[in-house]
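Order of appearance sets the numbers: ligands from 1, and atoms from 1 within every ligand.
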Amino acid sequence: MTEAVNNLKNVGYLDLEIDPSLDLFAEIEKLKKEKNAVLLAHYYQESDIQDVADYIGDSLGLARQAQKTTADLIVFAGVHFMAETAKILNPTKKVVLPDLNAGCSLSDSCPPPLFARFKEQHPDHLVISYINCSAGIKALSDIICTSSNAQKIVESLPKEQKIIFAPDKNLGAYINRKTGRNMVLWNGACMVHEIFSLEKITKLKARHPEAKLIAHPECEEAVLAVADFIGSTTQLLQYAEQDDCQTFIVATETGILHQMMKNAPHKTLIPAPPNNSCACNDCPHMKLNTLEKLYLCMKYELPELTMDESLRLAAKKPIDRMLELSDQLGIK
Ligand code: 13P
Ligand code: SF4
């Protein structure tokens with residue numbers, strides 16, 4: 001165990017040999033019962049992790065599950081800001097994640113000291129931050145939002161209210177277009193959703209005139225402009241399942257295709273092409289988590305996410321505001 005802890009300090013995850021004869025799915029199920037653990041996973045996790053999770057969801061759904069769970073151990077198969085949100089909402093629970101280095105390019109694009117200065121330049125503005133940000137940014141915000149509720153939360157505020165929207169400029173610009181607002185945008189973006197090639201998408205659409213393009217609002221304006229439907233991961237899933245169309249070009253992280261294929265097995269799903277030949281619409285942060293790391297993380301309850309209490313309390317206020325508003329506005 002000491003060696004494991006030392007390894008953890010070096011690499012941010014447990015780097016131990018696993019007996020290759022172990023059935024990791026069965027072992028994880030056993031650990032869940034033994035430890036009264038709940039396994040929460042984002043749709044962008046690899047298929048094996050999604051299959052063993054107790055709950056799979058988008059950022060809003062995951063936050064709600066983390067808040068209400070009675071489990072003793074929250075195992076968060078997602079990225080760092082998501083596990084942080086779980087700890088902020090449910091501080092008496094132990095929160096672990098398979099790889100502490102699973103960060104987020106969007107969150108990293110908004111360092112709290114720079115954002116604090118930006119905020120000072122707009123003193124009469126309310127700050128709405130997308131949940132894909134660090135606890136430090138949440139603590140500087142008035143309301144948090146996710147891609148599921150951003151538009152409704154902005155619309156719920158008086159038209160004359162001045163707003164800073166951080167950190168995603170693409171989601172912010174999309175909400176500005178949808179609501180006719182002029183929110184001041186922080187210049188951040190997600191490396192996965194910025195990689196799609198409009199040129200290749202246009203050619204793909206020409207080859208599949210029957211297909212609908214569905215896109216996440218973190219994509220750039222040019223891609224969103226040619227999309228047939230725009231929504232959060234949950235909304236994209238529901239649309240692909242419920243719409244009559246049989247073929248979808250999907251402009252978001254590829255992990256979502258696993259649930260889409262399960263929910264709509266007879267439909268054809270084509271991942272939108274990136275602007276180079278690599279698998280760049282796989283999020284490298286989300287994909288740091290593996291079934292092996294998940295097993296070790298549950299077995300040793302490491303790495304654990306901890307947080308300074310004053311930061312937690314400051315970051316909690318705008319998340320609570322989001323959850324209250326979402327309930328009032330009837331957003332699931
Ligand atoms: P949602 O699942 O909330 O749509 O967020 C997408 C995302 O980029 C998560 O990192
Ligand atoms: Fe961050 Fe983008 Fe990865 Fe989501 S998909 S975790 S926003 S880098």
Side-chain angles (χ1 to χ4, degrees), residues 40-46 49-50 53 55-66 76-86 97-111 128-134 137-138 144-153 166-172 174-175 186-196 214-220 223-224 227 229-240 250-260 271-272 274 279-289 319 322-323 326 331-332:
L40 307 180
H42 189 267
Y43 289 122
Y44 296 165
Q45 291 296 285
E46 62 171 49
I49 295 181
Q50 293 190 37
Y55 177 85
I56 319 163
D58 66 2
S59 308
L60 181 62
L62 288 164
R64 283 200 165 115
Q65 291 294 322
F76 213 113
V79 292
H80 192 270
F81 76 81
M82 295 178 172
E84 253 184 1
T85 305
L97 66 166
D99 193 323
L100 209 51
N101 298 317
C104 166
S105 65
L106 179 52
S107 175
D108 290 347
S109 69
C110 194
I128 302 185
S129 295
Y130 187 34
I131 199 163
N132 299 33
C133 64
S134 63
I137 295 298
K138 289 186 174 81
I144 297 302
C145 70
T146 73
S147 48
S148 283
N149 58 24
Q151 185 179 337
K152 286 196 174 154
I153 285 185
D168 189 2
K169 63 176 179 191
N170 292 321
L171 176 62
Y174 169 68
I175 304 294
W186 178 264
N187 187 21
C190 158
M191 62 192 285
V192 180
H193 289 90
E194 282 220 312
I195 204 86
F196 297 111
I214 57 175
H216 194 280
E218 287 174 27
C219 294
E220 288 179 326
V223 170
L224 296 180
F229 179 75
I230 298 165
S232 71
T233 47
T234 302
Q235 291 160 350
L236 295 179
L237 267 171
Q238 284 166 353
Y239 189 81
V250 183
T252 188
E253 213 270 357
T254 49
I256 198 174
L257 297 173
H258 183 57
Q259 293 306 316
M260 262 183 201
C280 297
N281 38 345
D282 276 344
C283 172
H285 308 287
M286 288 278 183
K287 293 324 197 248
L288 277 180
N289 295 332
I319 305 178
M322 167 185 82
L323 293 171
S326 294
I331 303 162
K332 298 251 164 47

Going by distance alone, is a donor N or O of one side chain under 3.5 Å from an acceptor N or O of the other, for Gln45 and Asn289? yes
CE-OH distance between Met286 and Tyr43, expressed to the nearest 0.5 angstrom: 12.5 Å
For the pair Glu253 and Lys287, find out whether any cationic side-chain nitrogen is under 4.0 Å from an anionic carboxylate oxygen. yes
Roughly how far, to the nearest 0.5 Å, is the CD1 atom of Ile319 from the OG1 atom of Thr146? 11.5 Å
Side chains of Leu323 and Arg64: closer than 4.5 Å at any heavy-atom pair? yes
Sole candidate of Leu106, Asn281, Thr252, Thr254 that passes side-chain contact (heavy atoms from CB on, under 4.5 Å) when paired with Val192: Asn281
Side chains of Ile214 and Met260, heavy atoms from C-beta outward: is any pair under 4.5 Å? yes
Treating Gln65 as the side-chain partner and Leu40 as the backbone partner, does any N or O pair qualify as donor plus acceptor under 3.5 Å? no
Rounded to the nearest 0.5 Å, how far does CG of Leu62 lie from CD1 of Ile56? 9.5 Å
List the protein residues in contact with ligand 1, where contact means a heavy-atom separation under 4.0 angstrom. His42, Tyr44, Asp58, Ser59, Met82, Tyr130, Asn132, Ser147, His216, Glu218, Ser232, Thr233, Met286
Residue and atom names of protein N/O/S atoms that fall under 2.8 Å from atom 2 (Fe) of ligand 2: Cys190 SG
